[in-house]
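Just follow the structure's listing: the first ligand is 1, and inside any ligand the first atom is 1. In this text the structure is predicted, and so the values were computed from the model without any measurement.
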Amino acid sequence: MTDLIETLVENREMVQPNHANMLDTAHGGTVMKWMDEVGAMSAMLFAGETCVTARVNRMNFERPIHVGDTAYITAYVYDAGTSSVKVRLVAEREDLRTREREMTTESYFVYVAIDDEKNPTTVPELTADSEQEAALREAALEGDGDS
Ligand SMILES: CCCCCCCCCCCCCCCC(=O)SCCNC(=O)CCNC(=O)[C@H](O)C(C)(C)COP(=O)(O)OP(=O)(O)OC[C@H]1O[C@@H](n2cnc3c(N)ncnc32)[C@H](O)[C@@H]1OP(=O)(O)O
């Protein structure tokens with residue numbers, strides 16, 4: 001068993017000119033890559049195995065992230081099957097000078113745990129017993145569109 005809270009990963013990326021599109025905001029593909037990496041770390045903390053990305057659901061770019069801001073990315077596992085792991089991902093734009101953050105991007109990734117032969121392998125059960133964990137799980141299940 002793995003507690004949901006043990007899978008929580010928060011990471012910052014500084015948005016620099018080499019990450020930008022012609023609008024001086026972070027390129028969507030770059031934001032997606034950062035989210036994929038943070039999500040994979042969360043999935044692997046949960047599974048205790050290498051995890052590969054199998055699916056990206058509901059990738060919503062609601063606001064841009066400007067050059068000079070940081071992208072603050074949060075990931076946690078909210079559901080799991082036999083070998084599949086569902087991770088909620090949220091990116092926020094953050095002004096480090098004021099610490100103000102605003103949600104920009106949300107998505108739901110599915111990873112699959114694989115063994116040394118690169119075949120799917122079983123993952124532990126997810127537990128979400130605390131009030132905080134239950135709230136995080138509920139928010140993800142409401143948002144992922146599968147429920
Ligand atoms: C790479 C690791 C680096 C490690 C270093 C650590 C550093 C950490 C940070 C770095 C982070 C990098 C982050 C980037 C991570 C990539 O870039 S990974 C590269 C991109 N992804 C790939 O190349 C994956 C390609 N696909 C595959 O290899 C195979 O399709 C898979 C995903 C292993 C599945 O194999 P399969 O034999 O088709 O699986 P199958 O038996 O049919 O189903 C197994 C399970 O997968 C689920 N599944 C299969 N396909 C799908 C799908 N498309 N959608 C949803 N679920 C699916 C099934 O529902 C089933 O679920 P369970 O019932 O077991 O829960």
Student: Within 45° of the six-membered ring axis of Y108 and under 6.0 Å from that ring's centre, is NZ or CZ of R58 located there?
Tutor: no
Student: Can you check whether a protein heavy atom sits less than 4.0 angstrom from atom 30 (O) of ligand 1?
Tutor: no
Student: What atoms of ligand 1 come closer than 4.0 angstrom to any heavy atom of T53?
Tutor: 15 (C), 16 (C), 18 (S), 20 (C), 21 (N), 22 (C), 24 (C)
Student: Using a 4.0 Å heavy-atom threshold (strictly under), name the region of M44 that reaches ligand 1: side chain, backbone, both or neither.
Tutor: side chain
Student: What atoms of ligand 1 come within less than 4.0 Å of a heavy atom belonging to V110?
Tutor: 55 (C), 56 (N)
Student: Looking only at protein heavy atoms, which one is nearest to atom 55 (C) of ligand 1, and what is the separation?
Tutor: R55 NE, 3.6 Å
Student: Would you please say whether a donor-acceptor pair under 3.5 Å links the side chains of E49 and T121?
Tutor: no
Student: Flag the pair R137 and D79 as a salt bridge only when some basic side-chain nitrogen lies within less than 4.0 angstrom of an acidic carboxylate oxygen.
Tutor: yes
Student: Could you check whether any side-chain N or O of T105 sits under 3.5 Å from a backbone N or O of N60, counting only pairs where one atom can act as donor and the other as acceptor?
Tutor: no
Student: Please identify which atoms of ligand 1 are closer than 4.0 Å to at least one heavy atom of S84.
Tutor: 61 (O), 62 (P), 64 (O), 65 (O)
Student: Roughly how far, to the nearest 0.5 Å, is the CG atom of L23 from the NE2 atom of H27?
Tutor: 10.5 Å
Student: Can a side-chain donor-acceptor contact be found between N11 and Y72 if the only test is distance below 3.5 angstrom?
Tutor: no
Student: What's the shortest heavy-atom distance between V90 and M35, and which atoms?
Tutor: N-CE, 4.4 Å
Student: Would you mind checking which non-hydrogen protein atom is closest to atom 45 (C) of ligand 1, with the distance to 0.1 Å?
Tutor: S83 OG, 3.2 Å
Student: Please report the closest heavy-atom contact between Y78 and L4, naming both atoms and the distance.
Tutor: CA-CD1, 4.3 Å
Student: Would you say atom 11 (C) of ligand 1 makes contact with the protein, given that contact here means a non-hydrogen protein atom less than 4.0 Å away?
Tutor: yes
Student: Could you check whether any side-chain N or O of T74 sits under 3.5 Å from a backbone N or O of E10, counting only pairs where one atom can act as donor and the other as acceptor?
Tutor: no
Student: For atom 49 (C) of ligand 1, find the nearest protein heavy atom and state the residue, atom name and distance (0.1 Å precision).
Tutor: V112 CG2, 4.4 Å
Student: Is atom 23 (O) of ligand 1 less than 4.0 angstrom from at least one protein heavy atom?
Tutor: no
Student: How far is atom 33 (C) of ligand 1 from the closest protein heavy atom, and which atom is that?
Tutor: I114 CG2, 3.9 Å
Student: Is atom 53 (N) of ligand 1 less than 4.0 angstrom from some protein heavy atom?
Tutor: yes
Student: Using a strict cut-off of 4.0 Å, indicate which atoms of ligand 1 neighbour a heavy atom of A40.
Tutor: 11 (C), 13 (C)
Student: Can you tell me which residue and heavy atom of the protein come closest to atom 40 (P) of ligand 1, and the distance to 0.1 Å?
Tutor: P120 CG, 4.3 Å
Student: Quick one: closest heavy-atom pair of S42 and T7, and the distance?
Tutor: OG-O, 2.7 Å
Student: Please indicate, with yes or no, if any protein heavy atom is found under 4.0 Å from atom 26 (N) of ligand 1?
Tutor: no
Student: Heavy-atom distance from atom 43 (O) of ligand 1 to the protein below 4.0 Å?
Tutor: no
Student: Verify whether one side chain among Y76 and R88 offers a donor that lies under 3.5 Å from an acceptor in the other.
Tutor: yes
Student: Does E94 come within less than 4.0 Å of R99, counting only side-chain N to carboxylate O?
Tutor: no
Student: Can you tell me which residue and heavy atom of the protein come closest to atom 17 (O) of ligand 1, and the distance to 0.1 Å?
Tutor: D36 OD2, 4.1 Å
Student: For atom 9 (C) of ligand 1, grab the closest protein heavy atom and report residue, atom and distance to one decimal in Å.
Tutor: M41 CG, 3.7 Å
Student: Do any N or O atoms from the side chain of R12 and from the backbone of A71 form a donor-acceptor pair under 3.5 angstrom?
Tutor: no
Student: Any protein heavy atom at under 4.0 Å, with atom 6 (C) of ligand 1 as the reference point?
Tutor: yes
Student: Ignoring hydrogens, tell whether any protein atom lies closer than 4.0 Å to atom 15 (C) of ligand 1; use the non-hydrogen atoms only.
Tutor: yes
Student: Counting each atom of ligand 1 from 1 as listed, which ones have a heavy atom of T50 under 4.0 Å away?
Tutor: 2 (C)
Student: Determine, using heavy atoms of C51 and all atoms of ligand 1, whether some pair is separated by less than 4.0 Å.
Tutor: yes
